[in-house]
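Here is the structure we will look at.
Residue numbers count from 1 along this sequence.
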Amino acid sequence: MNAAKILITSLLIGLGVFEASTDAQVKPPVAFQPESIDSQVIIGYGTAIGDVDGDGRPDILLADKKQFVWYRNPDWKRFVIAENLTERDNVCIAARDIDGDGKVEIAVGGQWNPGDTEGSGAVFYLVPGPDRKERWTPVRLHHEPVVHRMRWLKMSDNKFGLVVAPLHGRGNKKGLGAGVRLSVYQMVDGPEEPWEINVIDVDYHVTHNFDIAKTRADTETESIFYLGREGAKQISYRDGQWQRETLLGVKGGGEIRFGQDATGASFLATIEPFHGTDLVLYKTKMSVKNKLRQFAQRTVLDSKLNQGHAVAVGDFFGNGEKQIVAGWRAPNEDGKFGIKIYFAEPGEGVDHGWKSFFVDENKMACEDLRAADLNADGRLDIVASGRSTHNLVIYWNRGSE
């Protein structure tokens, strides 16, 4: 490295900004073996992982254009949960065991029309019958326009809420106007009785995704990591109240995931900007009061995505560290699309030494992805749905064999 480059590098690190060098030719530390379980996906808007039938094995759920379906582990037979709930497309699905019976509860969103900030959107809770392989009964709930993402949040030991995020605020025009009404739904007296709905944030005007994560060892309560074009914040339910903390230093974007490294230091992985090109890592430490400090160090891990649309964080290598998986759905400047995994060699900092390799190259126009150990071998596998490639694929983690 010449003197000029050393000087520029030093200045960037000092400003908390750095573009890491990734090496597409690196030998993968682990191998991923793809298995296509559906080649007739129409769009594959959203995925979820959870035990649908109560056999102790995680199943795969998918929000497709007109159907919500699940795939049974381990034969991956496809079952339709519900279809044609709305005139327009489905868009999101949330699945989690919230009552402790070993089977997931499911909520879904539809009537997707990002151009209609007045009359679009729909939210349903789905009620299973005695046989969960048969169709479930939809219960329509209140909704805001342009419902886009939803996930179940653990608010306390035995209390869950459904977090629902629209893309735009009601009546919002070109990102201006009313703020997005991020809401939490709580079932009170059964799914068909009125739900308690609380609006917990209205600051952002265009949002795309959020993450749910447990951040403290002393409580089971989870936090929401919420990202919009205007920035990011952490929202937590503590002592019966909603608390919000702006994550200083984090730029606006489309995707966000929270993680903690082997030392316990917190980090965020984002895709910037909205439907963006950059996979970005933000690193910080926890304060003594368990509040996030400013994310002062920003590292661009990759700037060659095109319509980046999915991120996951996990220890895919089994080495105690966290790696980052990112997917994008359109060919980049090199004609590439798919899924890559990004990692730092042990002992190397976040400002250098990052490497990457393709998990899938040009066969997965990634719309969404999840990480889970699907076969109980102790390794995190990857599940992804493809938009223009019309596929749903499991990438089995075969380790270093």
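- In this structure, K103 does not pair ionically with D101, as no charged nitrogen and carboxylate oxygen lie closer than 4.0 Å.
- More than 12 heavy-atom neighbours from other residues, nucleotides or ligands sit within 6.0 angstrom of CZ on R135.
- Taking both residues in full, the closest heavy atoms of N397 and R379 are given as O-CD, 3.2 Å, listed atom of the first, atom of the second, then distance.
- Between the S120 side chain and the V146 main chain, a donor and an acceptor come within less than 3.5 Å of each other.
- For the pair D53 and R132, the salt-bridge criterion is not met [side-chain N within less than 4.0 Å of a carboxylate O].
- Looking at N198, V202, D203, I235 one by one, the single match for side-chain contact (heavy atoms from CB on, under 4.5 Å) with L182 turns out to be I235.
- In this structure, E361 does not pair ionically with K340, as no charged nitrogen and carboxylate oxygen lie closer than 4.0 Å.
- A 6.0 Å sphere centred on CD of E192 holds no more than 12 heavy atoms belonging to other residues, nucleotides or ligands.
- Cation-pi check for R229 over F274 is met; the charged atom lies under 6.0 angstrom from the ring centroid and within 45 degrees of its normal.
- Not less than 6.0 angstrom separates the ring centroid of W136 from the ring centroid of F68.
- One finds no salt bridge joining K304 and D302 here, because no Lys/Arg side-chain nitrogen approaches an Asp/Glu carboxylate oxygen to under 4.0 Å.
- Screening E255, R151, H309 against N209 for a side chain to side chain donor-acceptor pair (under 3.5 Å) leaves a single residue, E255.
- Within 6.0 Å of the NZ atom in K66, the count of heavy atoms belonging to other residues, nucleotides or ligands exceeds 12.
- Between K283 and D261 there is a salt bridge, since a side-chain N of the basic residue sits under 4.0 Å from a carboxylate O of the acidic one.
- The cationic group of K233 does not satisfy the cation-pi geometry with Y226, failing either the under 6.0 Å distance to the six-membered ring centre or the 45° limit from the ring axis.
- When each of R72, K77, R78 is tested with D75 by the rule salt bridge (charged side-chain N to carboxylate O under 4.0 Å, His left out), just one qualifies, namely R72.
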- Message: K214 vs E222, test: salt bridge (Lys or Arg N to Asp or Glu O under 4.0 Å). Steps then yes/no.
- Response: CA-CA 4 Å; K214 183 177 179 293; E222 297 168 332; over 6 Å; no
- Candidate pair E105 and R96, rule salt bridge (Lys or Arg N to Asp or Glu O under 4.0 Å), full reasoning: CA-CA 5 Å; E105 281 66 49; R96 189 167 184 178; over 6 Å; no
- Item | side-chain hydrogen bond (donor to acceptor under 3.5 Å, both in side chains) evaluation trace for H208 with H275 | CA-CA 9 Å; H208 193 262; H275 288 177; 3.2 Å; yes
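- Under the 30°/60° scheme for interplanar angles, the aromatic rings of F343 and F317 are found to stand perpendicular.
- D89 and Y45 form a side-chain donor-acceptor contact under 3.5 Å, judged by distance and modelled atom types alone.
- Nearest heavy-atom pair across V313 and A269 is CG2-CB, 4.2 Å.
- Note on ring orientation: taking the six-membered ring where Trp is involved, the planes of F225 and F258 are parallel (angle under 30°, cut-offs 30° and 60°).
- When all heavy atoms are compared, the tightest approach of P191 to V127 is CG-CG2, 4.0 Å.
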- Check step by step if salt bridge (Lys or Arg N to Asp or Glu O under 4.0 Å) holds for K133 and D131. CA-CA 5 Å; K133 298 188 296 297; D131 186 351; 3.1 Å; yes
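- Looking at D278 and S303, their side chains never bring a donor and an acceptor atom within 3.5 Å of each other.
- For Y237 and W242, the ring centers sit closer than 6.0 Å to each other.
- Closest non-hydrogen pair, I197 versus S183, comes out as CG2-CB, 4.2 Å.
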